[in-house]
Amino acid sequence: MKYDVVVFDVDGTLINTEETILLSLQHMLLRMTGHLYPFEKLYFALGITGAEALRWLELPEPDKAMEMWLAYMGRYEYLQKPFDGIDEIVQWLNAAGVRLGIVTSRTKPEFQKSTAQYNFIKYFDTVVNADDTVKHKPEPEPMLCLLEKMAAEPSKVLYIGDSVYDMECARKAGVDGALALWGAHFPEQIHAVHKIANIMDIKSLFI
């Protein structure tokens, strides 16, 4: 087996949170600026920290904007759900002896709040959140942090994510990246060692 460790991103990879994130961001921006941003103008925010997304938007009151965004995210959280097959593939990897980790741009409180209800989270040995590192994806620090915590060899690690930020983080840390096509936007523009069309196709990398 080539990989001993499989690391997942959360948003757009384990859990379909796109509507929750984009609707709450859109709602906040409407309140803050009076302008209704279409979703296609906000896709850049998927896969990076909320603080980084707000820096890109150059809002004059970022603290107020973040507070409002998080409040709206709670309002729209009912729209999120795991992608079909996640429970099955996580349990299959665990039974196959593969160690599991998470590298996410969510802070620890955000991660715990958004995943507490999902049983499959218990199979993950190590979680690296946005508040565990100074630099974030696409920089390698989050993955390097996980490698250190899991005492994992980079060549034996696969990172599955849905964005260019995930794939760049993997590349810079020296691990293989697999693009989750079920959650990716503009996948033809993203370089990845593997591109996986269906969650259950992950099995093919281990059989």
Side-chain angles (χ1 to χ4, degrees), residues 7-83 101-118 121 124 126-146 159-170 172-173 177 179-180 183-186 190:
V7 184
F8 286 85
D9 176 43
V10 175
D11 300 297
T13 304
L14 289 174
I15 305 171
N16 187 352
T17 56
E18 182 175 307
E19 277 191 289
T20 297
I21 292 171
L22 296 183
L23 272 172
S24 57
L25 179 57
Q26 185 184 58
H27 199 158
M28 178 275 287
L29 287 169
L30 181 61
R31 285 282 305 278
M32 292 286 290
T33 71
H35 179 65
L36 183 63
Y37 286 72
F39 275 11
E40 54 266 28
K41 296 289 187 181
L42 302 177
Y43 285 144
F44 77 90
L46 300 174
I48 57 177
T49 66
E52 182 67 17
L54 293 181
R55 279 194 289 271
W56 284 29
L57 288 163
E58 299 182 330
L59 297 178
E61 299 178 88
D63 291 342
K64 179 180 177 181
M66 177 62 77
E67 183 180 356
M68 191 181 297
W69 187 6
L70 291 175
Y72 284 132
M73 204 175 292
R75 181 181 298 185
Y76 293 118
E77 201 167 61
Y78 73 94
L79 295 168
Q80 73 176 39
K81 61 181 181 179
F83 286 99
I102 285 174
V103 167
T104 174
S105 293
R106 285 184 178 257
T107 64
K108 190 169 296 183
E110 291 168 355
F111 170 78
Q112 290 173 342
K113 184 176 184 296
S114 65
T115 63
Q117 69 270 40
Y118 303 128
I121 292 296
F124 289 89
T126 303
V127 177
V128 173
N129 299 106
D131 33 15
D132 289 320
T133 61
V134 175
K135 294 185 178 180
H136 310 293
K137 297 183 289 185
E139 296 306 315
E141 276 84 345
M143 182 59 66
L144 294 174
C145 178
L146 179 133
Y159 185 31
I160 301 175
D162 65 300
S163 74
V164 65
Y165 311 115
D166 299 322
M167 296 303 99
E168 280 297 293
C169 176
K172 291 175 181 178
L179 186 65
H185 290 281
F186 314 112
I190 303 174

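Sequential numbering from 1 along the given sequence is applied to the chain's residues.
Looking at residues two or more places apart in sequence or on another chain, you find no salt bridge (Lys or Arg N to Asp or Glu O under 4.0 Å) involving Asp162.
The closest side-chain heavy-atom distance from Arg31 to Tyr72 is below 4.5 Å. Looking at Tyr43 and Glu18, their side chains come closer than 4.5 Å, going by heavy atoms from C-beta outward. No side-chain heavy atom of Leu23 sits less than 4.5 Å from a side-chain heavy atom of Arg75. For the pair Leu42 and Gln26, the minimum side-chain heavy-atom distance is below 4.5 Å. Considering only heavy atoms from C-beta on, Lys137 stays 4.5 Å or farther from Met143 through its side chain. Under the 4.5 Å side-chain criterion, counting only non-hydrogen atoms from C-beta, Phe111 is not in contact with Asp11. In this structure the side chain of Val127 never reaches within 4.5 angstrom of the side chain of Asp132, judged on heavy atoms. Leu144 places none of its side-chain heavy atoms less than 4.5 Å from the side chain of Leu146.
No donor-acceptor pair closer than 3.5 Å links the side chain of Asn16 to the backbone N or O of Phe83. Side chain of Ser24 to main chain of Ile21: a donor-acceptor pair is present (N/O by atom type, distance under 3.5 Å, no hydrogens or angles). The backbone N or O of Thr20 lies less than 3.5 Å from no partner atom in the side chain of Thr17, so there is not a single donor-acceptor pair.
Salt bridge present: Glu139 and Lys172 bring a charged side-chain N and a carboxylate O closer than 4.0 Å. By the 4.0 Å N-to-carboxylate-O rule, Arg55 lies close enough to Glu52 to be salt-bridged with it.
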Can you list the steps and then say if Thr115 with Phe124 is a side chain to side chain contact (heavy atoms under 4.5 Å, CB included)?
CA-CA 12 Å; Thr115 63; Phe124 289 89; over 6 Å; no
Quick one, Val103 with Glu141, criterion side chain to side chain contact (heavy atoms under 4.5 Å, CB included). Give me CA distance, side-chain angles, the key distance, then yes/no.
CA-CA 10 Å; Val103 167; Glu141 276 84 345; over 6 Å; no
Kindly indicate, with the supporting measurements, whether the criterion side chain to side chain contact (heavy atoms under 4.5 Å, CB included) is fulfilled by Lys64 and Met32.
CA-CA 9 Å; Lys64 179 180 177 181; Met32 292 286 290; 4.3 Å; yes
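Atom CG of Leu46 sits about 9.0 Å away from atom CG of Leu25, to the nearest 0.5 Å.
Of all heavy-atom pairs between Val164 and Ile190, the closest is N-CD1, 3.7 Å.
Of the residues listed (Ile102, Ile15, Asp166, Ile160), the one engaging Asp9 in a side-chain contact (heavy atoms from CB on, under 4.5 Å) is Asp166, and it is the only one.
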